[in-house]
Visitor: 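A single structure is presented below for examination.
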2 protein chains.
Amino acid sequence: MIKIAVDLMGGDNAPDIVIEGVKQMLDKEPDVEILLFGDEKYAFQHERVTFQHCTEVITMEDEPVRSIRRKKDASMVRMAEAVKYGEADACVSAGNTGALMSAGLFIVGRLPGVERPALALTLPTIDDKGFILLDMGANADAKPEHLSQYAQMGSIYAKSIRKIANPTVGLLNIGTEDKKGNALTRETFKLLSEQDTINFTGNVESKTLLLSAADVVVTDGFTGNMVLKTLEGTATGIFKMLKQELTKNVKNKLAAGVLNKDLQNLKGKMDYAEYGGAVLFGLNGIVIKAHGSSDGRAFYNALRQAKDSVQEGVVEAMRKEVSHD
Amino acid sequence: MIKIAVDLMGGDNAPDIVIEGVKQMLDKEPDVEILLFGDEKYAFQHERVTFQHCTEVITMEDEPVRSIRRKKDASMVRMAEAVKYGEADACVSAGNTGALMSAGLFIVGRLPGVERPALALTLPTIDDKGFILLDMGANADAKPEHLSQYAQMGSIYAKSIRKIANPTVGLLNIGTEDKKGNALTRETFKLLSEQDTINFTGNVESKTLLLSAADVVVTDGFTGNMVLKTLEGTATGIFKMLKQELTKNVKNKLAAGVLNKDLQNLKGKMDYAEYGGAVLFGLNGIVIKAHGSSDGRAFYNALRQAKDSVQEGVVEAMRKEVSHD
């Protein structure tokens, strides 16, 4: 039986979408137990759900480190403690990302030898293969040695969860030539080239990210977050303009009606909800962040990712290969 | 009479698109003279064109600084010298960006007091207003003081060329809160807040860039280049997927036929060619980079931008306000 601790109160659409995702999970996966942390007024009966009443909630506006330290009875804090004390194998929240990273760092704790945990996200590509991008913002300022560990952790995850035998690793940069970039990327390039536990294939430009440039792409948290927001913003902007064009007169509306299903498909391809949640790599347990504006399906995908990570022994693999424990 | 020096040989589609752009310019602007630098076999007769034969060409693969220093008779080098020696008021090239930046720095030279020149680009927004983003990659590593000068130069350009009375300035960051970001953006935020010659409105997230978040957005060259390539890559990727959907069966092809003109319009909105070239700010003369894959119209737009910059006295304004000469 795999036990997953869940923050019922985190996220823009909590607790509804959390309950929906949890129920989907229970229906589809008979070998999963859920520990649900939140306000008891939302409790429901299920033989594989244990409800834990919490009196506090960490909001999207809360200051991450302070809220984790002060709100001792917050659903997110207690969920992380369940992992720390071995009551659960993994935890999932759609709440405040900064607070969840702090909970991971200060409650669940780092693996020995890991200098900085990193937030990793699986992103869509045009050919539906997808790729892992990290760090998405756990550490805005990073050193070359941190990026080198990100590459190791990303490779382990790609092997065990995405079942890619010898995953390619790229360094996100502003040119493909070896010496391109800023001080950080030039130094990191050297470290990655010397690392024999990964399959480093060189620099990757952001304009080729959607074209499956590499299975794992590493960058510092500032750049990773910037690129993610640019991807999201551009996609949203283009679909908005597209909608304007498609609805501007009767002729276009009729044509758009014919295309509707395929256009929805296209939008779905760019939809991060399909790809599960963001994973905090380098911790002494599985901590997964479901997208803040998740729907039930997205939350279910994040739960499934938690289950897979437990089953495949991701934390043990990282402990062995990265922290040389 | 405004004199513009032009590199006939630079860019993927040179010299054809350069000749096309120059001819458009001569037709539309009777008060412009062109000094054309390149292989004489492409020379053509026009009363306002002076042809200057050059025996060398800087290619897209050439190492920037070295090629500028060694290829003394390259069209790009001689074009920049024409500005240096006062024979031309401005220069335009669609060639190797790095080499053009080096030519600007080492041949045209910096304005006194300007620490780092910056590459600025006017980018589209959904409401067609557009905004200036800098630095797009002149300096991959930048300090807070550099970004502070970029903000001043961007404001001057927005006032004189884009005719915006009190242009808003935003700092590109991974969150809108004052203390968000990495060490560079946090320090820059403080400097910009204290600067009274600009209208600083705070942090801007990349996901709102297409929504006219600010008239001028400043960032370091690594991040600027990364964001630009992400914007281009995402737009190209989505239009590619859209085309796949629109041509996958007869029904869709018919509907797409009805929408064709409006979809082309939409693609045009995201087309950088419409927005002229990138300008090197902080030099002792006007240096403009036309997009490498320019067509004749894009090259014409870059030439017009050069003419406007001369007419509006952009260099003099920067000399006065930024370098306090």
Side-chain angles (χ1 to χ4, degrees), chain A residues 98 125-126 137 139-142 172-175 180-186 205-211 219-242 244-246 248-249 251-252 254-259 261-263 265-266 269-270, chain B residues 98 125-126 137 139-142 172-175 180-186 205-211 219-242 244-246 248-249 251-252 254-259 261-263 265-266 269-270:
Chain A
T125 53
I126 293 179
N139 307 289
D141 291 288
L172 190 61
N173 209 334
I174 54 173
K180 272 278 178 174
N182 57 11
L184 175 65
T185 58
R186 282 194 303 271
E205 282 188 299
S206 56
K207 67 180 172 192
T208 60
L209 284 176
L210 296 180
L211 306 171
T219 187
D220 63 281
F222 182 84
T223 306
N225 202 293
M226 186 66 79
V227 164
L228 178 68
K229 283 179 177 155
T230 311
L231 277 169
E232 288 183 330
T234 313
T236 308
I238 291 177
F239 285 119
K240 203 169 165 178
M241 291 193 279
L242 185 61
Q244 275 173 8
E245 297 294 335
L246 294 182
K248 77 174 184 186
N249 56 40
K251 175 175 75 74
N252 284 11
L254 287 171
V258 174
L259 297 168
K261 212 182 130 199
D262 293 319
L263 293 180
N265 250 341
L266 174 60
K269 267 204 185 182
M270 296 301 296
Chain B
T125 53
I126 293 179
N139 308 289
D141 291 289
L172 191 61
N173 209 336
I174 53 173
K180 272 278 178 174
N182 57 10
L184 175 65
T185 57
R186 282 195 301 271
E205 282 188 299
S206 56
K207 68 179 171 192
T208 60
L209 284 178
L210 296 181
L211 306 173
T219 186
D220 65 280
F222 182 85
T223 306
N225 201 292
M226 186 66 79
V227 164
L228 178 68
K229 283 175 177 157
T230 311
L231 277 169
E232 288 184 330
T234 313
T236 308
I238 291 177
F239 285 119
K240 204 170 164 176
M241 292 192 280
L242 185 61
Q244 276 172 10
E245 297 294 335
L246 294 183
K248 77 174 183 188
N249 56 38
K251 176 175 73 73
N252 283 12
L254 287 172
V258 174
L259 297 168
K261 211 182 131 199
D262 292 320
L263 293 180
N265 249 341
L266 174 59
K269 265 201 186 185
M270 295 301 294

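Below, chain A is the first sequence line, B the second, and so on; all start at residue 1.
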Visitor: Can you tell which part of B/Lys248 gets under 4.5 Å to a heavy atom of chain A, answering side chain, backbone, both or neither?
Guide: side chain
Visitor: Between B/Asn182 and A/Phe222, is there a donor-acceptor pair closer than 3.5 Å when you use the side chain of the first and the backbone of the second?
Guide: no
Visitor: Would you name the heavy atoms of B/Gly181 and A/Ala140 that are closest together and state the gap between them?
Guide: O-CB, 3.4 Å
Visitor: Which answer fits A/Leu209, side chain, backbone, both or neither, if we ask what part of it has an atom under 4.5 Å from a heavy atom of chain B?
Guide: neither
Visitor: Answer with side chain, backbone, both or neither: which region of A/Asn139 has an atom nearer than 4.5 Å to a non-hydrogen atom of chain B?
Guide: neither
Visitor: Once rounded to the nearest 0.5 Å, what's the spacing between atom CG of A/Leu210 and atom OG1 of B/Thr236?
Guide: 9.5 Å
Visitor: For the interface with chain B, which of A/Ser206, A/Gly98, A/Ala256, A/Gly221 has the highest count of heavy-atom pairs at distances below 4.5 Å?
Guide: A/Ser206
Visitor: Heavy-atom pairs under 4.5 Å with chain B are the metric here; pick the option from A/Thr223, A/Ile174, A/Val227, A/Leu246 that has the most.
Guide: A/Ile174
Visitor: Are A/Leu242 and B/Leu242 close enough that some pair of their side-chain heavy atoms sits under 4.5 Å apart?
Guide: yes
Visitor: Within the 4.5 Å heavy-atom criterion, are B/Leu259 and A/Glu245 side-chain neighbours or not?
Guide: no
Visitor: Counting only non-hydrogen atoms closer than 4.5 Å, does A/Thr230 touch chain B with its backbone (N, CA, C, O), its side chain (CB onward), both, or neither?
Guide: both
Visitor: Count the heavy-atom pairs under 4.5 Å between each of B/Leu263, B/Leu184, B/Thr185, B/Leu172 and chain A, then report the option with the highest count.
Guide: B/Leu172
Visitor: So which residue, B/Gly237, B/Ala183, B/Ala142, ends up with the most heavy-atom pairs under 4.5 Å with chain A?
Guide: B/Ala183
Visitor: What part of A/Lys240 gets within 4.5 angstrom of chain B, counting heavy atoms only: side chain, backbone, both, or neither?
Guide: side chain
Visitor: In terms of heavy-atom contacts, does NZ of A/Lys229 have more than 12 from other residues, nucleotides or ligands at under 6.0 Å?
Guide: yes
Visitor: Below 4.5 Å, heavy-atom pairs only: which of B/Leu211, B/Leu254, B/Asn225 has the largest tally toward chain A?
Guide: B/Asn225
Visitor: Tell me whether B/Lys251 at atom NZ has more than 12 heavy atoms from other residues, nucleotides or ligands lying less than 6.0 Å away.
Guide: yes
Visitor: Can you tell me how far the OG1 atom of B/Thr234 sits from the NZ atom of A/Lys207, to the nearest 0.5 Å?
Guide: 12.5 Å
